[in-house]
Amino acid sequence: MSIVTFIKSTPDTAAKVEVNAQGAVSWGTAQLVLNPWDEYSVTEAVLLKEAHKVKTTAISIGGEANNDALKQALAIGIDEAVRVWGDGMDGHDSLVYAAAAAGAVRKLGDVSLILFGKEFADVQTDAHVYQVARKLGWTALGAVSKIVAIDFAAKTITVARMTEEGKQTLTAKLPAVVAVLKDINEPKSPSFIGIRKASKATIPVWSPADVGLNVSTLAHVTAYANPPARGGAVQIIDGATDAERAAKLVEKLLAEKVI
Amino acid sequence: MPNVFVWVDQFGGRALPVSWEAIGVARNLADGGTVTALVFGSGVGNVVTLALHYGADRVIACDDATLADFRLEPYAALLSKLVAEHKPDIVIGGASTRGRELIAAAAADADSALLADVTDIKAEGGKLVATRPVYSGKVISTVEAALSRTVFVTVRSRAFAAPEPNSARTGEVLNVPPVLSEDQITTKVVGFEETKGAVNLTDASIIVTGGRAVGSAEGFAPVRELADVLGGAVGATRAAVDAGYIPYAHQVGQTGKVVSPNLYIAAGVSGSIQHQAGMRTSKIIVAINKDPDAPIFKIAQYGIVGDLFKVLPALSAAFREKLGK
């Protein structure tokens with residue numbers, strides 16, 4: 001009985017990210033941090049560990065920069081960390097990620113629950129969450145705002161899921177893959193003892209062969225570009241009274257034909 | 001001429017608008033090939049008819065009690081079986097909560113390429129070439145996949161125009177049985193609580209958003225009032241959500257929804273880079289803020305420097321008068 005959470009290092013969301021002259025994505029000297037959505041999945045894993053005495057492992061599929069995220073997870077209270085990476089994985093698509101992640105979970109063995117943050121904030125994808133579940137043949141529960149109940153021995157889970165229309169409550173069998181939303185908890189900060197433990201940790205790296213990776217990338221990123229700038233300067237609406245300014249703005253918006 | 005499948009996301013017998021946008025994308029990519037709409041659910045006859053009106057050549061429908069609520073297991077099993085049988089060149093779905101899950105799952109089942117959450121797409125030289133925003137919309141990436149095997153695609157809400165429906169259009173409807181029976185499905189829906197007065201933010205053409213400056217739950221009243229007058233949805237910044245003024249479902253930004261309305265009115269919103277990540281592709285942005293130096297004015301077309309508690313009611317009154325409400 002153990003919990004795995006898959007995490008990633010991403011540029012700080014406040015960083016200025018742009019495409020440089022070489023066509024590569026650059027965030028200058030900004031720091032890499034734990035993917036903001038992973039703060040919730042890591043915290044949820046630690047809360048479940050404390051309540052149910054289960055082992056927790058954080059896994060990153062990616063280059064060395066992800067050691068920062070893994071150490072952050074250890075400092076927050078995750079027991080062990082593993083990184084999966086090797087030749088042929090650069091520029092991988094969600095399918096390769098899913099196959100590698102499923103292989104890592106099989107290699108660990110005895111995993112009851114996989115937690116993901118809603119998406120990776122850098123590449124803005126969540127496809128891997130559902131693809132990992134299909135590769136393992138497990139149930140996937142996405143957009144989860146609360147784990148209402150979980151029983152590792154009886155292999156059952158109840159979650160609240162937030163869809164476009166409202167809140168759905170679902171029960172399912174473990175093992176399962178769960179993707180969590182921001183609403184699920186208040187993210188934990190690293191503890192002093194945790195930071196010391198994390199600083200001493202060495203993080204094993206599993207190769208593609210170790211996780212039995214047998215698929216290759218089919219969806220290729222071929223180029224990056226800066227988005228078109230939002231045109232022109234703001235037009236500040238002046239007037240003697242709020243009513244006058246409101247009336248002027250209404251005229252402008254009606255002329256824009258957006259109402 | 002590619003044959004294209006479009007999965008139509010529906011809830012309670014009503015299709016999400018992004019489903020029709022997806023049919024429009026399918027029509028363009030099919031370039032004379034067949035567009036087949038896939039309608040799964042219970043009591044979805046009306047959706048089947050509308051799918052034809054919106055441009056599908058035919059529909060494969062599975063109308064069954066096990067599909068009444070979306071659950072990934074039975075939906076993915078059915079979609080994957082249909083893909084294996086019919087071998088379409090392209091499978092498209094809207095990038096809604098359900099669409100993202102289902103299309104990704106089916107792509108994994110088929111060991112096929114997935115172009116997710118795209119905002120533009122074309123067929124070119126035996127490949128599908130798409131663009132999608134990354135890094136919170138600060139960068140646009142081009143992704144491509146060969147059409148030598150089925151390619152799966154999800155399209156972002158409001159990125160593509162929906163076709164005009166034509167009620168004279170008809171087509172073949174193929175009814176198929178589900179793949180999984182209820183006792184084979186381990187996920188059970190045990191409760192549902194509809195969001196009160198929910199206007200789906202990602203589908204909304206007008207959004208009025210309140211930031212930290214609304215100051216309280218009651219402070220959202222003028223924001224709601226203007227949204228009501230305009231028939232729009234209510235958005236919120238992370239600061240307003242974290243302060244407990246409004247539920248998380250309303251949050252726009254990095255850790256909330258990404259929206260792209262025709263009109264986005266930001267009231268008492270400073271305009272952090274994380275908030276901009278969720279709304280910078282809005283067509284027209286209006287900023288209302290006491291602070292003339294607030295970053296939101298840098299991405300807005302129109303601004304009013306003033307107190308939202310005075311400006312919003314004035315706007316509601318002015319719109320009421322003009323719109324005759």
Side-chain angles (χ1 to χ4, degrees), chain A residues 13-14 17-19 25 36-37 93-95 98 121-127 130-131 134-135 139-140 142-143 162-173 182-183 215 218-227 230 234-237 242-243 245-247 249-250 252-254 256 258-259, chain B residues 11 72-73 96-97 100-101 104-105 108-109 111-117 133-145 186-195 198 200 230 248-249 254-255 262-263 273-274 283-284 297 299-306 310-311 314-315 318-319 322:
Chain A
T13 54
V17 179
E18 57 189 353
V19 179
V25 177
W37 294 99
D93 63 7
S94 62
L95 193 62
D122 54 355
V123 287
Q124 286 188 255
T125 53
D126 56 4
Y130 310 99
Q131 297 193 321
R134 297 303 283 185
K135 287 296 166 205
T139 301
M162 202 170 95
T163 69
E164 277 82 354
E165 300 81 14
K167 196 174 80 180
Q168 203 182 31
T169 308
L170 293 145
T171 62
K173 295 264 195 295
K182 172 188 165 235
D183 231 14
V215 293
L218 298 170
H220 301 274
V221 177
T222 54
Y224 292 108
N226 290 309
R230 285 198 69 90
V234 61
Q235 195 178 331
I236 298 289
I237 311 291
D242 287 315
R245 292 190 287 171
L249 178 59
V250 167
K252 302 249 184 218
L253 293 177
L254 291 173
E256 294 272 9
V258 288
I259 291 156
Chain B
F11 180 83
L72 188 60
E73 292 167 271
S96 57
T97 303
R100 286 162 175 267
E101 299 179 4
D109 289 352
D111 275 330
S112 287
L114 169 67
L115 307 178
D117 203 14
V134 290
Y135 296 92
S136 321
K138 294 173 207 167
V139 172
I140 306 295
S141 70
T142 304
V143 309
E144 56 181 53
T186 62
T187 315
K188 308 288 175 192
V189 177
V190 295
F192 179 69
E193 205 179 297
E194 195 167 349
T195 308
N200 186 359
L230 296 173
Y248 170 54
Q254 180 86 53
T255 47
N262 288 337
L263 174 60
I273 200 154
Q274 291 90 345
K283 193 170 164 213
I284 297 287
F297 287 113
I299 60 162
Q301 278 91 336
Y302 300 105
I304 291 182
V305 179
K310 293 187 178 125
V311 176
L315 275 174
F319 273 118
K322 280 285 170 191

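In what follows, chains are A, B, ... by sequence order, proteins preceding strands, each numbered from 1. Small disclaimer: the values here were computed from a predicted structure and weren't measured.
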A.B. asks: So, using side chain to side chain donor-acceptor pair (under 3.5 Å) as the criterion, who are the partners of B:Tyr248 when residues are at least two apart?
C.D. replies: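 Applying side chain to side chain donor-acceptor pair (under 3.5 Å) to B:Tyr248 gives none.
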
A.B. asks: With only heavy atoms counted, which part of A:Lys182 is less than 4.5 Å from chain B, the side chain, the backbone, both or neither?
C.D. replies: both

A.B. asks: Quick one: what part of A:Val250 sits under 4.5 Å from any heavy atom of chain B, side chain, backbone, both or neither?
C.D. replies: both

A.B. asks: Where does A:Val221 contact chain B at under 4.5 Å (heavy atoms): side chain, backbone, both or neither?
C.D. replies: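 Contact with chain B: backbone and side chain both.
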
A.B. asks: Could you walk me through whether B:Asp111 and A:Leu95 pass side chain to side chain contact (heavy atoms under 4.5 Å, CB included), step by step?
C.D. replies: CA-CA 7 Å; B:Asp111 275 330; A:Leu95 193 62; 4.1 Å; yes

A.B. asks: With A:Tyr224 as reference, evaluate B:Val134, B:Ile140, B:Thr142 under the side chain to side chain contact (heavy atoms under 4.5 Å, CB included) test and give the passing residue.
C.D. replies: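 So, applying the side chain to side chain contact (heavy atoms under 4.5 Å, CB included) to A:Tyr224 and each of B:Val134, B:Ile140, B:Thr142, only B:Val134 qualifies.
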
A.B. asks: Given that the side chain runs from C-beta out, which part of B:Leu115 has a heavy atom under 4.5 Å from chain A: side chain, backbone, both or neither?
C.D. replies: side chain

A.B. asks: In sequence, state the C-alpha distance, the side-chain angles, and the governing distance for B:Leu114 and A:Gln131, and then conclude on side chain to side chain contact (heavy atoms under 4.5 Å, CB included).
C.D. replies: CA-CA 10 Å; B:Leu114 169 67; A:Gln131 297 193 321; 4.0 Å; yes

A.B. asks: What part of A:Ile237 lies closer than 4.5 angstrom to a heavy atom of chain B: side chain, backbone, both or neither?
C.D. replies: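 Both the backbone and the side chain of A:Ile237 come within 4.5 Å of chain B.
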
A.B. asks: To the nearest 0.5 angstrom, please state how far the OG1 atom of B:Thr97 sits from the CD atom of A:Gln168.
C.D. replies: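 Taking OG1 in B:Thr97 and CD in A:Gln168, the distance rounds to 10.5 Å.
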
A.B. asks: Run the side chain to side chain contact (heavy atoms under 4.5 Å, CB included) test on A:Glu164 and B:Phe11 for me, step by step, so that the C-alpha distance in whole Å, both residues' side-chain angles and the decisive distance to 0.1 Å come before the verdict.
C.D. replies: CA-CA 9 Å; A:Glu164 277 82 354; B:Phe11 180 83; over 6 Å; no

A.B. asks: In terms of heavy-atom proximity below 4.5 Å to chain A, should B:Lys310 be classed as side chain, backbone, both, or neither?
C.D. replies: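 Contact with chain A: backbone and side chain both.
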
A.B. asks: What part of A:Ser94 lies closer than 4.5 angstrom to a heavy atom of chain B: side chain, backbone, both or neither?
C.D. replies: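 It is the side chain, since no backbone atom gets that close.
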
A.B. asks: By salt bridge (Lys or Arg N to Asp or Glu O under 4.0 Å), which residues pair with A:Asp93, not counting sequence neighbours?
C.D. replies: none

A.B. asks: Which atoms of A:Ala223 are under 4.5 Å from chain B, going by heavy atoms: the side chain, the backbone, both sets, or neither?
C.D. replies: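 Both backbone and side chain of A:Ala223 come within 4.5 Å of chain B.
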
A.B. asks: Ignoring hydrogens and angles, tell me if any N or O in the side chain of A:Arg245 forms a donor-acceptor pair with the backbone of B:Val305 under 3.5 Å.
C.D. replies: yes

